[in-house]
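Working notes, structure below.
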2 protein chains.
Amino acid sequence: MSPRPRFENLSAERRSELLECAANEFAQHGYRGASLNRIIAGAGLSKGVFYYYFDDKADLFETVVAYAFDHVVGSTRVDIESLDRETFWPALQKMYVELLPKTHDLPWLAGIGKLAYQSAEDPELEGLVARHFFDTRQFVMNLLQRGRDVGAVRDDGPLELLVAMVFGALEASDRWFVETWDGLSSQEREQIAAIVFEATRRMAAVDDEGRA
Amino acid sequence: MSPRPRFENLSAERRSELLECAANEFAQHGYRGASLNRIIAGAGLSKGVFYYYFDDKADLFETVVAYAFDHVVGSTRVDIESLDRETFWPALQKMYVELLPKTHDLPWLAGIGKLAYQSAEDPELEGLVARHFFDTRQFVMNLLQRGRDVGAVRDDGPLELLVAMVFGALEASDRWFVETWDGLSSQEREQIAAIVFEATRRMAAVDDEGRA
DNA sequence: AGGTGGATAGACCAATCGGTCTAGATACTA
DNA sequence: TAGTATCTAGACCGATTGGTCTATCCACCT
């Protein structure tokens, strides 16, 4: 009865086709606005087969969110404890530039991330996406807390606020990047990515680090 | 036949009740996800009276957006040309702290702003909200461009990118503020508002200004 | 050949969607 | 009192929604 094990039996292509088709629909129209019928038709499935693999719309949404989060957090591994005052920001920069191309290759990723963020408050979805969202948020919180402990991150305000602002700025830059990506040379991309990171660091770093 | 003049005849209470009810619904569920029936019922109107005052859902949405934008831009007047290197950031700070309480009193404001932002790409809504959105964006662009001209704003990247990041960070901080507002003393509010502004300024200011 | 369970297709359902239309209430004018 | 314009109410419409159910097909086993 549980849909997930069944779904794993599907061929990887059909799985990812459905998931990315759904991700696009969700990213474009939001959870409620997304049409399940459109997703199913778009992925070339019949009603029957969809409901054979999934319980309902919410189940699909959770799977999509998990799929998206796996793409991101699955590719970022950092040993927080090993970071110190000197290595903190360079390590984050490395993480950022490695992660950035993904948001272009998988343009729905940013959309789903934003959607998970805002739908964390939707009562109908509460608890479904909460875990994934909470995990990621917790990871970033731990990261910045470590930054504070080693004296690399400012500590003159609530940590949650700082996390929110960093997320917000990076999300906005991602959106800009996705729109502009094709018109940029790889050289420009690197250059601008450096600017984005540096600007974000200025916002979050302690005063001493605020200078280049 | 045009709905706007008629709508102006309604009592101010019923007008704002409908508009804010609609704003909440739109902010929560997005344009497509918002239920017109729910809005109408929530505002205590009948189908007939609604369609007597409005053409359709899109018309209502545009009115709501205009209502929200008026609240914001109507209360901010700044003579861009008069800003110079010394007065630039202080003037913006004054603007910010005056604007901030509004996002608490009118919590749907931030939601509508974000919605207008993202629905500017929805083909069905194109042109409807575009003007309001474009005007505001243009205003901020002009503002930061002036900042560049007088040497107060960094100019090592695309201006659009900088605007996007500033918007993103401030929007995120707004969201945090709305959630946390009630638990803060007015003293804490001022203090944190100062931190938020200072962090944002660090991101956008030229290096010399990055220091307190 | 007959049986069994995984997989698939699509007709079908009640509920809801945005939107239309008619009937009537109210109020002012002639 | 009859007429007219401004409102208000809600029944009603076709389309679409998320979701159910039955029939069939196919592979494998005996």
Checklist line | For chain B, the stretch of DNA chain D it reaches, first to last nucleotide, under 4.0 Å of its heavy atoms | finding: D/dT6 to D/dA11

Next item on the list: Please identify each residue that fulfils salt bridge (charged side-chain N to carboxylate O under 4.0 Å, His left out) with A/Arg148, with sequence neighbours left out.
Entry: none

Note to self: Under the rule for side-chain hydrogen bond (donor to acceptor under 3.5 Å, both in side chains), what residues qualify as partners of A/Arg14, not counting sequence neighbours?
What the structure shows: none

Next item on the list: For A/Gln145 and A/Asp149, run side chain to side chain donor-acceptor pair (under 3.5 Å): C-alpha distance rounded to whole Å, both residues' side-chain angles, the deciding distance at 0.1 Å, then the answer.
Entry: CA-CA 6 Å; A/Gln145 183 58 56; A/Asp149 293 341; 3.1 Å; yes

Notebook entry, point to check: Given A/Phe7, which of A/Leu60, A/Asp59, A/Leu18 fulfils the side chain to side chain contact (heavy atoms under 4.5 Å, CB included) condition?
Noted result: A/Leu18

Contacts under 3.5 angstrom, residues 155-170 of chain B side chains, donor-acceptor by atom type, not counting sequence neighbours:
residue	atom	partner	partner atom	Å
B/Asp156	OD1	B/Arg154	NE	2.9
B/Asp156	OD2	B/Arg154	NH2	2.8

Atom pairs and distances, side-chain donor-acceptor, residues 97-109 of chain B, under 3.5 Å, sequence neighbours left out:
residue	atom	partner	partner atom	Å
B/Glu98	OE2	B/Lys94	NZ	3.4
B/Thr103	OG1	B/Leu100	O	2.7
B/His104	ND1	B/Trp181	NE1	3.1

Margin query: Salt bridge or not between A/Glu198 and A/Arg202? Use side-chain N to carboxylate O under 4.0 Å.
Written below: yes

Notebook entry, point to check: Using rotation axes that map the C1' atoms of four end pairs onto the next four (five pairs an end), what angle separates the end axes of the helix from C/dA1-D/dT30 to C/dA30-D/dT1, to 10°?
Noted result: 30°

Note to self: Please list, in numerical order, the residues of residues 36-48 of chain A that have a heavy atom closer than 4.0 Å to any atom of DNA chain C.
What the structure shows: A/Ser46, A/Lys47, A/Gly48

Notebook entry, point to check: Mind checking what makes salt bridge (charged side-chain N to carboxylate O under 4.0 Å, His left out) contact with B/Asp135, not counting sequence neighbours?
Noted result: B/Arg131

Notebook entry, point to check: With sequence neighbours excluded, what pairs up with B/Gln138 under the side-chain hydrogen bond (donor to acceptor under 3.5 Å, both in side chains) test?
Noted result: none

Check: What are the bounds, 5' to 3', of the part of DNA chain C that sits under 4.0 Å from heavy atoms of chain A?
Finding: C/dG6 to C/dA11

Margin query: Tell me if a side-chain donor or acceptor on A/Thr180 pairs with a main-chain N or O of A/Phe177 at a distance below 3.5 Å.
Written below: no

Margin query: Suppose the criterion is salt bridge (charged side-chain N to carboxylate O under 4.0 Å, His left out): which pairs have a residue in residues 37-47 of chain A, not counting sequence neighbours?
Written below: A/Glu25-A/Arg38

Next item on the list: Only counting residues at least two apart or in another chain, list the ones meeting salt bridge (charged side-chain N to carboxylate O under 4.0 Å, His left out) with B/Glu81.
Entry: B/Arg146

